[in-house]
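Let me give you the structure first, and then I'll get to my questions.
Remember, it's 1-based here, ligands and their atoms both numbered in the order they're listed. Sequential numbering from 1 along the given sequence is applied to the chain's residues.
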Amino acid sequence: MTSRFPDAGAVGAGGFVRDDTPTPEVDRREAVMASLAGTVRELVDATIRTTVADDEVHRVRDELALLVDRLRAAQLPGPAGIRYNAEFRAWNWGNAVVGAANAIAPPLEVVHDASGCHADVVLGAAYEGPPGLVHGGVSAMLLDHIMGVTASAMRRTTFTGTLTMRYRRGTPLGPLRLEARIVREEGRKVFVVASISDAEGVTVEADGVFIQPAGTPAVDG
Ligand SMILES: CCCCCCCCCCCCCC(=O)SCCNC(=O)CCNC(=O)[C@H](O)C(C)(C)COP(=O)(O)OP(=O)(O)OC[C@H]1O[C@@H](n2cnc3c(N)ncnc32)[C@H](O)[C@@H]1OP(=O)(O)O
C-alpha cells in the first residue's frame with residue numbers, strides 16, 4: 001500500500017502537510033476559529049451595507065486596527081495550507097471556499113451524497129457582481145471547489161485542468177444549491193458536471209476536467 005502521508009511537518013504530494021495535532025484538539029481549535037471568522041463575516045457585510053456617519057466609520061476603523069494588531073501578535077509565516085493527521089482528519093482553515101478561519105469563504109459546506117456532492121449556501125452582499133446578482137467569478141469559484149471535491153472523492157488529489165461555465169441567467173443573491181457529479185474517468189482525468197440553482201431552477205452549469213497530477217497516490221483504504 002502506498003501511503004499518502006509524508007513525515008510530520010513535511011510538505012507531501014499535492015502540497016498536503018502531515019500534522020500530528022490530535023483530532024479533538026483540531027476540532028476544538030476549528031470551532032474557535034470558525035466563531036471568529038463568522039463574526040468577521042458579519043463585519044464584512046456590515047461594512048458594505050453601513051450608512052452610519054463618517055465620524056463613526058473612522059472610530060470603527062481605529063478600533064478594528066487595534067484588533068488586527070492583537071491577532072498579528074502570533075501569526076503563521078504564510079498561508080494556512082492543507083493539514084491532516086494520522087487519523088485522516090484534514091483541515092484547510094484558509095481555503096477560499098470552505099476555510100473555517102476564512103471570512104472570505106461563504107463558507108460552503110459540501111455534503112457527499114449517492115450521486116456526487118451538493119451544498120446549500122446563502123450568498124449575501126459580499127458576493128455581488130451585477131446588482132443583486134452573484135459575481136460570475138464567485139459562481140465559478142464555488143463550482144470549481146465542489147467539482148474538485150467530487151473528483152477527488154476523498155481518496156485522491158485532483159487539480160482543475162479545464163473548467164467551462166455556462167451562465168444561463170443571473171444568479172440572485174440569497175439561498176442557492178450547488179450539485180456536482182462525475183460523468184466519466186479516463187486514466188488520471190476525471191470529468192465532472194455541476195450546477196447552481198435557485199428556487200426557480202438552474203442558473204449556472206459547468207463542466208470540467210480534473211486531473212490527478214502524475215506521481216500523486218490514490219488513497220487505497
Ligand atoms: C487526498 C484526500 C482528499 C483531498 C480533498 C481535496 C479537495 C480539494 C478540492 C479543491 C477544489 C479546487 C481545485 C483547484 O482550485 S486546483 C487549482 C487550480 N488548478 C491548478 O492550479 C492546476 C495547474 N495545472 C497543473 O498542475 C497541471 O497542468 C495538471 C495537474 C492539471 C496536469 O499536469 P500533468 O503533468 O499531471 O498532466 P499531463 O501533461 O501528464 O497530462 C495528463 C492528461 O491530462 C490532460 N491534461 C493536462 N492538462 C490538462 C488541462 N489543463 N485540461 C484538460 N486536460 C489536461 C493531458 O492531455 C493528458 O491526457 P491524456 O493525453 O493522458 O489523455
**OP:** Report yes or no: does E42 contribute a side-chain atom to a donor-acceptor pair with the main-chain N or O of G38 at less than 3.5 Å?
**Re:** no

**OP:** Would you name the heavy atoms of A80 and G94 that are closest together and state the gap between them?
**Re:** CB-N, 3.8 Å

Subject >> Min N/O separation T158 to ligand 1 under 3.5 Å >> reply: no

Original post:
Which atoms form the tightest heavy-atom contact between A101 and M33, and what is the distance?
Top reply: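 Closest approach of A101 to M33, heavy atoms only: CB-CB, 3.9 Å.
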
**OP:** Examine G161 against ligand 1 and note whether any of their N/O atoms are separated by less than 3.5 Å.
**Re:** yes

**OP:** Run the numbers for me: atoms of ligand 1, each under 4.0 Å from some heavy atom of T162, listed by number.
**Re:** 50 (C), 51 (N), 52 (N), 53 (C)

Original post:
Are any of the N/O atoms in R155 less than 3.5 Å from those in ligand 1?
Top reply: no

**OP:** Return the minimal non-hydrogen interatomic distance between A140 and L163, and the atom names on each side.
**Re:**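 Closest approach of A140 to L163, heavy atoms only: O-CD2, 4.0 Å.
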
**OP:** For ligand 1, find out whether one of its N or O atoms is nearer than 3.5 Å to an N or O atom of T160.
**Re:** yes

Subject >> Linked, directly or transitively: L133 and V202 (ILVMFWY side chains, under 4.5 Å) >> reply: no

Subject >> Hphob cluster co-occupancy, I104 + W93, side-chain heavy atoms under 4.5 angstrom >> reply: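 Per the 4.5 Å side-chain linkage, I104 and W93 are not co-clustered.
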
Original post:
Looking only at heavy atoms, is any part of R188 under 4.0 Å from ligand 1, and if so is it the side chain, the backbone, or both, or is it neither?
Top reply: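 For R188, only side-chain atoms sit under 4.0 Å from ligand 1.
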
Subject >> Atom of E25, atom of T21 and distance for their closest heavy-atom approach >> reply: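 Taking E25 first and T21 second, the nearest heavy atoms are CG-CG2, 3.5 Å.
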
**OP:** Return a yes/no value for R156: is any of its N or O atoms, backbone included, closer than 3.5 angstrom to an N or O of ligand 1?
**Re:** no

**OP:** Ignoring hydrogens and angles, tell me if any N or O in the side chain of S35 forms a donor-acceptor pair with the backbone of V32 under 3.5 Å.
**Re:** yes

**OP:** Could you tell me whether K189 and ligand 1 have an N or O pair separated by under 3.5 Å?
**Re:** yes

Original post:
Considering only heavy atoms of A214, which atoms of ligand 1 have at least one such atom less than 4.0 Å away?
Top reply: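 In order of numbering, the contacting atoms are 36 (O).
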
**OP:** Give a yes/no verdict on whether any heavy atom in P213 is under 4.0 Å from an atom of ligand 1.
**Re:**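 P213: in contact with ligand 1 (<4.0 Å).
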
Subject >> Nearest-option assignment for atom 7 (C) of ligand 1, heavy atoms, candidates G208, G215, G187, S152 >> reply: S152

